[in-house]
Amino acid sequence: MNNKKQEKIFIKTFGCQMNEYDSLKIMQLLHPEYLPADSENDADIILVNTCSIREKPENKVYSQIGTYKKIKEEKPEVIIGVCGCVAQQEKKKIFSRHPYIDFVIGPQGIYDLPDIIKKLKKGWSNICHAPQKSDFEIPTLLGPHLEEKPLKAFITIMQGCNNFCSYCIVPFVRGREISRPFEDIVKEAKHLLSQGIIDITLIGQNVNSYCGKQDDGSINFSALLRAIYGLEGLKRLRFTTSHPKDLSDDIIDCFRDIPNLCPHLHLPIQSGSDNILKKMNRKYTREHYLSIIKKLRDARPDISLTTDIIVGFPGETEEDFELTIDMLKIVKFEQLFAFKYSKRPFTLASRFEDTLREEVKSDRLNILIAIQQEIGKMKYKELVGKKIEVLVEGKSKAGENELCARTTANQIVNFNGNPELIGNLVEVTIEKAFYHSLRGSLENSELIR
Ligand code: SAH
Ligand code: SF4
Ligand code: F3S
């Protein structure tokens, strides 16, 4: 009989979808030697997958790492590592701040984790592995999804970024853009669909500039969408993130032509002032942004739009800020992710004079959030009385036969229905709008797929 104890890994993930994807890949890479642990307390390996996009998330990462010191003191055999963007940024420096950390690996280094674990078990310590190769190819791992009944999944279609927005650390920690070969994406998508996944999001820092190899040349992003939307079993297709300068007419046309491409687009605007957009090196104007919005709404009138905004960028005047407010009021986004400008290492903007007081930045952030709250409420109310398509994701905690579903724009809809509907697309009539969710009813509704 094999008495070997089953070893477990716990990954604490911070940051964007790219990190979520990488965490799942690490789990798959180590499966079945290591299974997912319920918490850091029953894990043999603890890994912190980090984000350094702003100072606040970076600090959160450090305090999280700090909490593992006690575990290491009590159980020195537990292996503790750091991966993700802070790992790539800080590399060996992490060991001087937290000497009990066993290894540090960058985003490209995660695929060598089995080898690193072997070395650590042989007695190596403080291993740092943070390569950044321009010819790196993401391996296509076709492992189990490790969730009981998975419905949704991400596929990373490109890594890195070439845009060098002046405030952003991503090109420095994730390297230049590398698109995955078309065939690998198709292989991964087919594998996910065969596991029962029905909702796939193609991810990358700037998916619109995807340019992948295929047998007879290269393939751009709109062609990729057109090549995969028809794969058997794919009910919902999405992508994120888009850059306004690369959102071409042929991509916009996909919203008109592709029935299962969700009518939702996250299109970060960052600022409504041309002056600030220029300093941010965003390479578009507010006029161009508005022209894209018009084309998108012409192509898909029900499209839901969300955005990111940075307030308090160095040199942002009251007038610049008013222009950003104006954009919010004109476009009427469904949702806004607003951030206070945060100075990041290596970036061009870190050399700009930042004279705005913290208080002014906070005030501006609060003003934007308050305006967006009113717009958001109005948007939710507009849905009352409408029949909309939702994907039934599971039971809700609210009670027996209470189900929880999501619209194409990821809004939550709760309604009463048979749990057999889980995993299906149904039409519900929206009866009530709450602050962050909707109440629907199945009456006179149809099962779509
Ligand atoms: N690739 C995407 C998003 C990248 S990061 C894009 O191009 O839009 C997610 C968001 O974090 C950004 O859209 C931006 O709003 C915010 N962000 C990035 N760097 C920042 C910084 N230094 N300070 C404040 N917010 C920042
Ligand atoms: Fe950062 Fe700009 Fe690249 Fe987005 S497009 S990841 S904001 S550099
Ligand atoms: Fe953060 Fe890195 Fe993603 S900095 S937002 S985890 S690419």
Side-chain angles (χ1 to χ4, degrees), residues 6-52 57 61 64-65 68 71-72 78-91 94 98 101-121 124 126-133 136-148 150 152-160 173-175 178 180 184-185 187-188 191-192 195 197 201 203-205:
Q6 172 66 56
E7 296 199 278
K8 291 187 177 167
I9 174 165
F10 181 82
I11 309 183
K12 179 86 187 167
T13 307
F14 293 88
C16 63
Q17 295 101 332
M18 261 68 80
N19 271 9
E20 281 181 46
Y21 178 88
D22 287 352
S23 290
L24 177 64
K25 290 292 135 185
I26 294 169
M27 290 287 193
Q28 291 180 335
L29 200 63
L30 300 181
H31 185 89
E33 269 162 85
Y34 291 87
L35 295 182
D38 294 331
S39 79
E40 32 287 78
N41 297 322
D42 71 335
D44 303 281
I45 301 179
I46 300 173
L47 185 53
V48 193
N49 195 355
T50 61
C51 173
S52 58
V61 161
Q64 186 71 37
I65 297 173
Y68 296 143
I71 295 184
K72 190 74 179 175
V78 172
I79 294 174
I80 305 183
V82 179
C83 64
C85 294
V86 177
Q88 190 70 39
Q89 177 193 321
E90 296 296 304
K91 302 188 185 78
I94 292 185
H98 300 282
I101 295 295
D102 296 296
F103 68 93
V104 169
I105 42 172
Q108 289 186 5
I110 58 173
Y111 297 93
D112 298 319
L113 197 50
D115 190 41
I116 289 171
I117 293 170
K118 266 188 214 144
K119 285 181 174 156
L120 288 165
K121 289 197 162 178
W124 293 45
N126 290 167
I127 300 178
C128 177
H129 181 54
Q132 212 168 46
K133 292 189 190 145
F136 177 75
E137 280 196 5
I138 298 181
T140 302
L141 301 180
L142 304 178
H145 208 258
L146 306 175
E147 255 178 55
E148 209 177 290
K152 301 195 280 192
F154 295 132
I155 300 181
T156 293
I157 63 162
M158 62 189 303
Q159 40 163 341
V173 284
R174 292 264 171 173
I178 309 175
R180 271 180 92 184
D184 287 3
I185 296 169
K187 223 187 274 170
E188 194 162 324
H191 171 72
L192 292 169
Q195 297 213 326
I197 301 267
T201 307
I203 59 171
Q205 287 296 358

Notebook entry, point to check: Residues in side chain to side chain donor-acceptor pair (under 3.5 Å) with N126, at least two apart?
Noted result: none
Residue pair [X] / [Y]: nearest heavy atoms and the distance that separates them:
X	Y	value
K152	I197	O-CD1, 3.6 Å
P114	L30	CG-CD2, 4.0 Å
D184	I138	OD2-O, 4.3 Å
L35	Q6	CG-NE2, 3.5 Å
E7	D44	CA-OD2, 3.1 Å
G84	P107	O-CD, 3.8 Å

Note to self: Applying side chain to side chain contact (heavy atoms under 4.5 Å, CB included), can you list everything that pairs with K25, at least two apart in sequence or on another chain?
What the structure shows: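 If we apply the side chain to side chain contact (heavy atoms under 4.5 Å, CB included) test to K25, skipping adjacent residues, the hits are Y21, Q28, Y111, L141, E188.
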Margin query: I'd like to check the side chain to side chain contact (heavy atoms under 4.5 Å, CB included) partners of C83; sequence neighbours left out, ordered by chain and number.
Written below: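 Listed in chain order: I26, L47, N49, I105, I110.
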Check: How far apart are the C-alpha atoms of Q17 and T201, what are their side-chain angles, what is the distance that settles it, and do they pass the side chain to side chain contact (heavy atoms under 4.5 Å, CB included) test?
Finding: CA-CA 10 Å; Q17 295 101 332; T201 307; 5.8 Å; no
Note to self: So does G143 get a backbone contact from the side chain of H191, meaning a donor-acceptor N/O pair under 3.5 Å?
What the structure shows: yes
Any chance you could measure [X], atom [atom1], to [Y], atom [atom2], to the nearest 0.5 Å?
X	Y	atom1	atom2	answer
R180	T156	CZ	OG1	7.0 Å
L142	Q195	CG	CD	9.0 Å
Q88	Q108	CD	CD	7.0 Å
D42	K8	CG	NZ	5.0 Å
L113	M27	CG	CE	11.0 Å
K72	D102	NZ	CG	3.5 Å

Next item on the list: Given side chain to side chain contact (heavy atoms under 4.5 Å, CB included), test Y34 with I117 step by step and report yes or no.
Entry: CA-CA 11 Å; Y34 291 87; I117 293 170; 3.6 Å; yes
Check: Is there a side chain to side chain contact (heavy atoms under 4.5 Å, CB included) between F14 and Q64 once you walk through the steps?
Finding: CA-CA 10 Å; F14 293 88; Q64 186 71 37; 3.8 Å; yes
Margin query: Run M18 and I203 through side chain to side chain contact (heavy atoms under 4.5 Å, CB included) and show every step you take.
Written below: CA-CA 7 Å; M18 261 68 80; I203 59 171; 3.9 Å; yes
Next item on the list: Check whether any side-chain heavy atom of V78 lies under 4.5 Å from a side-chain heavy atom of Y68, and answer yes or no.
Entry: no
